[in-house]
Amino acid sequence: MSWFTDRHFFLLAVVLYGLSTVYSVFLWRKGFRRDDHVNYFIILAGVALHTLAMTKRGLTFHSCPVNNLYEATTFLLWALGLACLVYSLLPRFKFLCAFTAPVLFTVGIFALMPSLDPPHGPKPDFSNWLRSLHAATILQSYGAFGLAAAAAGMFLMQQHDLKFHKLRAMLSLLPSIQRLELITLRLVLVGFVLFTIGLVTGEQLPRPEGKPYLSDPKVIWSALLWLVYLELIVARMFFGRSTRRFTIGVVIAFAFLLLTFGITNYYSGLHHQ
Amino acid sequence: MSVVVIGLSHRTSPVELRERFAFAESKIPSALQALRESGIAGEAVILSTCNRVEIYAATELEPSKAFDGLKQFLVASSHEVGSLRCDDRTAQRDVPTFGEEIYALAEPQSLHHLFKVASGLDSMVLGETEILGQIKDAYALAHQHKHTGARLNKLFQRAFNVAKHIRTHTNIQRGSVSVASVAVELADKIFTSLAGREVLVIGAGETGEKVARALLSRGAKSIIVANRSFERAQTLAAELKGRAIPFDDWSGEFDKIDIAISSTAAPHHILDRPKLEPLMKSRRQRPLLLIDIAVPRDIDPAVNALENVYLYNIDDLQSIAADYLKQRTEEIIRCEQIIFEKARPFLESRENQPQMRHGPDAVRGLDASKQLPAS
């Protein structure tokens with residue numbers, strides 16, 4: 001089975017995410033009425049294959065698999081999928097998978113592009129625990145932000161239905177909007193803390209002589225993202241920004257993250273040492 | 001032994017007639033004893049509620065003979081034991097002759113009927129669950145006094161299973177079909193929990209009171225009542241264990257409350273956007289559910305455009321209740337299919353018994369040709 005590489009396992013995982021996306025469209029059209037477990041188990045199977053793919057690659061290189069854009073993206077998706085599975089265990093949060101599956105599928109397809117996974121150069125040095133901590137916390141924070149965006153999407157749909165007196169709001173088995181807002185805020189806070197730890201540890205890592213930390217495109221992009229999330233949190237928690245604006249902000253911030261993550265990673269000198 | 005049922009329900013007779021046939025719970029064991037001693041039934045269960053009086057009997061008699069005997073028993077009992085009467089004056093009246101008021105069903109319709117009743121398909125409020133508890137109580141009473149045997153035990157257990165199956169696998173019991181319960185469900189969709197929520201009732205009308213009671217029963221913390229007549233406000237507040245405030249002070253409560261129910265007789269809007277906007281700021285954007293059940297409306301529809309405000313008027317609530325009912329009605333065919341499917345093994349088991357000579361009979365007896373109206 002040596003021909004069956006980690007990429008094949010990941011491909012199978014993406015196929016399952018795609019299946020879950022199709023099933024999610026079906027659930028959405030049915031108004032999220034039946035609290036079935038099908039979607040949860042599809043994502044669970046996908047995450048299991050995904051884990052296998054990452055483990056296989058990690059064992060091949062004896063390091064955390066975050067050494068190129070493909071690996072970083074799959075790590076991000078894995079964190080998102082895992083967090084989705086955990087949060088879906090909360091009462092009435094089964095449908096979180098339906099909102100997360102499209103992200104897992106579309107970004108998974110993107111990650112599968114061969115150009116994102118060039119052969120490794122010199123083996124990356126992960127003997128420094130700070131480097132591992134940096135990579136893990138940053139990518140897990142993306143997962144938390146992604147899940148927050150999914151919860152925010154659920155909130156926006158449910159709020160719209162309630163505002164416009166759609167029967168779907170009553171029939172669906174989604175959580176109350178107050179609960180959705182709370183979960184969104186908590187996920188953003190968790191993501192923000194992890195992101196901050198990731199940025200601080202990143203600053204401690206060795207870099208080329210005379211190259212300031214804030215001169216790298218990805219660091220600048222990360223600092224910008226950090227400020228965006230800080231603004232969202234402060235405005236919501238201390239200045240009474242409306243829930244709707246907050247949740248829209250969370251969705252936009254994550255969309256920005258997804259759309260620009262690859263580009264900044266590509267141009268980052270620090271991340272291609 | 002075949003199972004027959006005879007009875008009358010809200011579908012076939014008015015309350016004035018039903019109440020004459022109702023059995024008091026304390027009299028049911030002796031009535032069942034008398035019924036069995038008469039030889040009409042080997043086993044029997046009497047179900048007596050406000051909406052129906054039915055006798056389920058397992059009998060060796062031909063259904064037509066059993067129906068005659070059961071009818072005589074029912075009429076005789078109505079002279080002796082009636083006691084669930086809503087109005088005792090009617091007890092003195094004679095029982096009239098019957099046309100289509102009393103129905104009599106033999107197998108397999110009797111089985112289907114019990115399964116439908118247990119599933120709430122024959123209830124006044126389609127899909128309600130209270131009837132299942134009442135059937136369980138009726139069966140338990142008969143069983144406790146040893147008036148049931150293998151046939152009815154198996155049948156009633158099957159009926160409970162069918163009702164559970166239908167509740168789980170169809171939408172027949174899904175959603176609320178009254179204004180008060182729709183309001184509670186709405187609150188459930190907005191707030192994390194109803195526990196600890198403060199409710200303001202503006203205008204002490206009947207529907208407003210019902211909604212407030214429904215919210216209280218689901219854990220709302222307290223009720224504040226504002227009414228033009230302060231005495232009426234105090235009375236209602238005392239009943240709801242809340243507090244009364246002068247009518248003109250209600251807007252001062254808006255920073256505390258989560259739900260407002262308005263049902264005043266005011267000819268104009270008492271709450272509009274310019275009035276609510278500053279109040280929402282003081283609430284720090286906490287969600288606010290406004291239920292306007294007044295006609296003419298008390299709350300300007302424009303307030304629904306405000307952030308975190310959810311306004312529902314009486315038409316919205318009734319429309320949701322009607323949609324739910326429509327959805328339940330659409331489920332009837334599915335439920336009936338399940339019932340037919342679940343009844344089949346029970347009927348087949350009887351047919352396989354060698355001592356049973358008569359197969360499924362058509363409805364006979366009294367007005368046996370008159371089937372129950374479609375649900």
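Heavy-atom basis, side chains included; hydrogens, waters and symmetry copies ignored. A, B, ... follow the sequence lines: proteins, then strands. Residue 1 opens every chain. Computed from a predicted structure; not experimentally measured.
The contact between B:Leu306 and chain A is made entirely by backbone atoms, counting heavy-atom distances below 4.5 Å. Contacts of A:Leu167 with chain B are made by side-chain atoms alone, with heavy-atom separations under 4.5 Å and no backbone atom involved. At a 4.5 Å heavy-atom cutoff, the contact between B:Leu186 and chain A is made by backbone and side-chain atoms alike. Residue A:Leu180: no heavy atom, backbone or side chain, is found under 4.5 Å from chain B. Contacts between B:Ala305 and chain A at a heavy-atom distance below 4.5 Å involve the backbone alone (N, CA, C, O). When heavy atoms are compared at a cutoff of 4.5 Å, A:Glu181 does not approach chain B at all.
Atom NZ of B:Lys342 has 12 or fewer heavy atoms from other residues, nucleotides or ligands within 6.0 Å. Within 6.0 Å of the CG atom in A:Leu227, the count of heavy atoms belonging to other residues, nucleotides or ligands exceeds 12. Counting heavy-atom neighbours within 6.0 Å of B:Glu341 CD, excluding the residue itself, gives a total of 12 or less. Counting heavy-atom neighbours within 6.0 Å of B:Glu130 CD, excluding the residue itself, gives a total of 12 or less. No more than 12 heavy-atom neighbours from other residues, nucleotides or ligands sit within 6.0 angstrom of NZ on B:Lys221.
Closest approach of A:Gln178 and B:Pro287 over heavy atoms only: NE2-CD, 3.7 Å. In terms of heavy atoms, A:Met170 sits closest to B:Val182 at CE-O, 3.9 Å.
With A:Ile177 as reference, B:Ile190 is the one residue of B:Ile190, B:Thr192, B:Asn308 to meet the side chain to side chain contact (heavy atoms under 4.5 Å, CB included) rule.
For the options A:Arg245, A:Arg244, A:Gln158, heavy-atom pairs under 4.5 Å to chain B are most numerous at A:Arg244. Ranked by heavy-atom pairs under 4.5 Å with chain A, the list B:Lys189, B:Arg286, B:Lys281, B:Glu185 is led by B:Lys189.
For the pair B:Asn304/A:His165, a side-chain contact is recorded, criterion being any heavy-atom separation below 4.5 Å from C-beta on.
Side chain of B:Tyr312 to backbone of A:Leu162: a donor-acceptor contact under 3.5 angstrom is found.
A distance of 7.0 Å separates CD in B:Glu307 from NZ in A:Lys163, rounded to the nearest 0.5 Å.
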